[in-house]
Amino acid sequence: MADEAIRVKVVCRVRPLNEKERASGDASIVNFPSPSCVALGQRMYTYDHVFQPVSTQVEVYTTSARPLVKDVLSGYNATIFAYGQTASGKTHTMEGVLESSEFRGIIPRIVGDIFEHIYAMDANLEIHIKISYFEIYMEKIRDLLDMTKSNLPIGESKTKVPYVKGITERFATSPEEVLAVVEEGKSNRKVAVTNMNAHSSRSHAVFLIAIKQENKETRQTLTGKLYLVDLAGSEKVEKTNAQGLTLEEAKTINKSLLALSNVIAALSEGNKPFIPYRDSKLTRVLQESLGGNARTTLIICCSPSPYNEAETKTTLMFGDRAKSIKNKVAVNVELTAEEWRRRFEKERETSQKLKFIVQQQDAELARWRAGESVPESERSRLKMKAVVAPTTAGESPAAVTAQGALGVNIPAAGLATPTATPIATPTPVQTRAFEEERTRLCQQLDEKEEELQAQSELVEKLTMKLGDIEENFEELQKDNATIKKQITVIEHELLSSQEEVHEVMQALEELAVSYDTKDREIGTVFNDKLTLAQENERIQSVLDQRMLELEKLRESTGLDRRKTNELLLSIFREVNGVSSILSPKSDEWVPLSSSSSSTSATPPPKVTDEDFTRVRVQLSNMRCEARSLTEQRAILEQAEREAKEKAQALMKEVANCKLKLSQYETHNETLTSTLKRSELQKRDLEDSLHSLEGQLQDMRGKEESLTRVEREREQRTEGLEHVSRELEDLLEDAETLLPEAAGSPSGGHCWQGDADCSDNRAVQSSAFAD
């Protein structure tokens, strides 16, 4: 039967607003000017039929799917698939609620109608129904009836028709068995929860019904295939809020739907020499349904909500392009050997008639070329198209056909002339011999044809096996190359990670050494501080001794040196204040008052120039010591600042090291899933991390102790600064007062005699030497 070009049937179904959309106050953005037209905005789209939101499942099935039942049982291929965004009602349209008679979808209804038609067909027909159910998930074909088959390949038959290799096929004898298969496959489908749909399909589901019927009397075989496809919905990540695996599934779904749109666009243009069926496994499986041998019905499902206006417009444009696709459909019939023989005989007779016509016309042409004029009555009336023999010679077309079949030579003038040589009539013996020879040749021809057919089938089987082997070998080579690349990449990553870990370990070792060094430096600074404290105590003792000496000098002064005594008493009071600051625990000394000194009967001892010189020297030494203390304090402050900056830098390095360690740990966990050998290295890294954390804790303890020591040192430093300022003031006052004391009348004598002066000088010399 000749191919028949028919257009793809496109119907549109608009679902009603859901509860969430009604609660937010949304209104429908689509209008329905006619039963075959839908309007969105300022544009109108026309399809074979448009189902409004109030349409029932029965109406959708009766209009879009029921006519295909007879086509499939007549030997045609048919396809029904639903297209649209997620949550637009595709799965409800194709499957619905299997247990409900009202809300059942296309698949359960079409299964029931197929068996009703089969029950009413001729009893001489032997019918076989095979069911297959698979899904295309993440660009892998998964058998929903056998979950062990998770990545099935796509092959081609002898007629270049794609099919899924190794798919499970189950025979069915009743609608209940088919629906049980649907339930089983449905439970194995990949679904997920998104913001758009609580049960979002994450794969393209294909339900295949293959019906083969053979007539027991005529041995004629018809084959019809029905593809029922529930496509996964296109979706936007910003609306579904998909993450992780759900996001990867959405990317793959959108990619396959884009490939389907590209195929639709290429077919709708009609002038492209190449159709990109192989860009996706979905388009490869639907190759016969789009531009091939199938009666196809496309159901586009839309949402009327203004929230989904962009997706609805895209879906309507997709259906508008699909209307212009035309498929070339033909009955899938398998002819018997007798039918093939009958067709062969018919074609051979036609060929013999054409040969006779050619001979007649060649003879006429030869006469014309020889310069002979051929009368109108002798010209050939044979036509190649009509294949009718001339009747002017009194012979019927059957006789002419028989003569051509017997191989009788036709004269150059043809049978149209009365003077033509008569054709000899074969004898019965010749006819019988011819029939026997013809029967023998036909038997030989049948045998040769059977042998040729068997050899052809064997060659095709071997070719298919060889192709499968080559494909498997190529796939194995590709997989091997991919695995080698992955192993190489993993080895490089492992080596780089090992080097990075080694560098980190070296950095941590250097950090630990640096911390040890800093610890030792801190210990040295602490020892220096202890030394300074001891020095301060020694200075305090020296100051105490000086105060005792000053007290003795104050007691030995007379009434005539009241002013000097008062000044000296003020100096003694300031020295006493310094002493109380340097040593708060020491007893406070109260100097003698000026009145008590005036009532003393004993004359005050005289102070010599040598005594004032010694006092000046002592004060000068005290100033030098105070300056040295100030310089040491400045050095200590500078060392403290440097130690603090180094500690902050070390803390930053520790934080960076901890960040790197966390990154390396995550990286090592990724490598563990790919290469098991990295497990031991990961454990070593974890042990190192624990030890490093212990070291970090120790370092933090040391840092806290360092901070404590710094605070104490700051407090001592403030005390030293205060003492230093007061000592400088006292020294200035003493320098001012000493020259005045040296110029007094009694300054050249010693109050207690030469021996006492010598003792005082020795004590002062030893004190300043200390």
Side-chain angles (χ1 to χ4, degrees), residues 1-5 75 158-160 218-222 293 328 330-370 374 376-417 420-457 459-460:
M1 183 177 180
D3 293 347
E4 178 185 0
K158 302 176 184 178
T159 56
K160 304 297 181 182
T218 62
R219 295 299 178 184
Q220 188 182 38
T221 303
L222 295 178
N293 178 21
K328 295 181 179 180
V331 178
N332 302 315
V333 58
E334 298 179 8
L335 301 177
T336 61
E338 185 65 27
E339 182 67 22
W340 283 113
R341 187 178 291 106
R342 185 163 53 251
R343 291 193 178 189
F344 175 74
E345 292 292 340
K346 183 178 179 180
E347 294 296 330
R348 188 167 62 179
E349 290 178 0
T350 303
S351 177
Q352 290 173 354
K353 291 177 183 179
L354 294 175
K355 286 180 181 179
F356 177 75
I357 293 171
V358 170
Q359 290 176 0
Q360 291 289 326
Q361 293 179 350
D362 286 344
E364 183 179 346
L365 180 62
R367 291 180 64 186
W368 282 106
R369 287 177 176 175
V374 181
E376 184 70 25
S377 59
E378 298 180 2
R379 293 178 182 177
S380 174
R381 298 291 188 274
L382 299 176
K383 299 296 178 93
M384 296 292 289
K385 294 183 180 180
V387 197
V388 178
T391 57
T392 55
E395 292 183 301
S396 63
V400 175
T401 302
Q403 292 173 4
L406 292 174
V408 180
N409 295 325
I410 300 176
L415 298 177
T417 58
T421 305
I423 298 174
T425 304
T427 62
V429 177
Q430 292 177 344
T431 302
R432 190 166 51 254
F434 170 75
E435 291 293 338
E436 291 176 357
E437 183 66 19
R438 181 174 177 275
T439 303
R440 186 180 62 81
L441 291 175
C442 287
Q443 290 177 355
Q444 292 180 358
L445 182 62
D446 292 340
E447 293 175 358
K448 296 298 182 182
E449 287 179 352
E450 291 177 357
E451 292 179 2
L452 181 62
Q453 183 67 22
Q455 294 296 329
S456 299
E457 292 178 356
V459 169
E460 290 179 356

* Structure fact -> d(Gln352 CD, Phe356 CZ) to nearest 0.5 Å is 12.0 Å

* **Lys346 with Glu349: basic N within carboxylate O range, under 4.0 Å** => no

* Asked: Roughly how far, to the nearest 0.5 Å, is CD of Glu347 from CG of Leu354?
  -> 9.5 Å

